[in-house]
> 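Here's a structure for you.
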Amino acid sequence: GKRDEAPVWDFEEDEKFCKQCGLALRDEYAPCPACTKKHRVMLRIFTYLRPYKGRTALVLAMLLATTFISLVPTYFNKIIIDDVLKINLDPAKDVGWIHSFFRDIGSASAALGITVGILLLTHVLTNVLGIFHGRLGAWLTFRIVADIRAELYAKLHSLSLRFFDKRKTGTVISHITEDSSRLQHFLLESLSFIVRDGLMLIAIGIGLFFINWRLACFVLIPVPAIVFGAKWFW
């Protein structure tokens with residue numbers, strides 16, 4: 001016999017769209033990620049750090065120390081070339097006390113041994129601080145996410161049945177589990193990278209201007225185009 005035609009099912013689209021920018025939204029009741037002011041969200045997240053002020057300050061201090069210690073090998077590479085191996089030695093040039101110290105060492109092997117020892121020490125310190133920073137940062141992140149989940153769970157108990165009647169059960173569960181997990185990933189990994197890279201950028205910029213401000217200005221010429229291009233792309 002003749003095959004029956006496939007039935008046409010009536011369904012509602014899951015995706016809703018933002019009224020301001022037209023972006024597709026998973027949840028019609030959730031705020032639009034493109035229109036939400038990011039700095040207000042970050043300030044709200046940082047309020048959960050108040051019960052852990054001491055540990056937060058310690059994490060930032062270790063992150064700051066790790067960032068600046070990691071820049072030491074770059075500076076000592078210059079000392080090895082200029083003052084230990086004396087490849088670019090200029091006796092008439094006025095140098096700082098660090099360069100003078102290594103130039104005044106009579107034996108090149110002794111000066112090289114000292115620099116290698118300092119580089120080894122910075123490597124050990126960077127790894128040790130990185131271990132403590134990672135452990136304390138992970139503990140702090142898990143505590144913040146646990147507090148947010150507890151507050152969210154308590155909030156759900158105070159809402160009316162009408163709230164749950166308008167929303168899908170899967171969406172509510174997703175906010176408790178998936179969204180909080182994404183927040184945990186951001187606080188544990190992404191935020192550390194942002195702070196560390198920001199500190200690294202500031203430290204390298206200061207070092208460039210300290211060594212040669214004319215060359216530093218020349219290097220920074222394409223930076224505005226890169227920043228605006230990246231912002232437009234994302």
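Values below: all heavy atoms of this structure, side chains included; hydrogens, waters and symmetry mates excluded.
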> I want to check something: taking the side chain as every heavy atom from C-beta on, are Leu215 and Leu208 in contact at a cut-off of under 4.5 Å?
no

> Under a 3.5 Å distance rule, please check whether Asn77 uses its side chain to pair with a backbone N or O of Pro73 as donor and acceptor.
yes

> Would you say Ile45 and Leu187 make side-chain contact, with heavy atoms under 4.5 Å?
yes

> Can you establish whether the number of heavy atoms outside Arg149 located under 6.0 Å from its atom CZ is more than 12?
yes

> Should Glu178 and Arg182 count as an ion pair when the cut-off is N to O under 4.0 Å?
yes

> What I'd like to find out is whether the side chain of Leu63 reaches to under 4.5 Å of the side chain of Phe68, using heavy atoms alone.
no

> Below 4.5 Å, heavy atoms only, C-beta onward: do Ile144 and Leu183 meet side chain to side chain?
no

> Enumerate the residue pairs fulfilling ring-ring contact (aromatic ring centres under 6.0 Å, His included) with a member in residues 122-144, sequence neighbours excluded, ordered by first and then second residue.
Tyr52-Trp139

> If you define the side chain from C-beta out and look only at heavy atoms, does anything of Gln184 sit under 4.5 Å from Ile148?
no

> Are the side chains of Phe164 and Leu156 in touch, meaning some heavy atoms are under 4.5 Å apart?
yes

> Evaluate whether atom CD1 of Ile221 has more than 12 neighbouring non-hydrogen atoms of other residues, nucleotides or ligands under 6.0 angstrom away.
yes

> Are any non-hydrogen side-chain atoms of Leu119 and Ile80 less than 4.5 angstrom apart?
yes

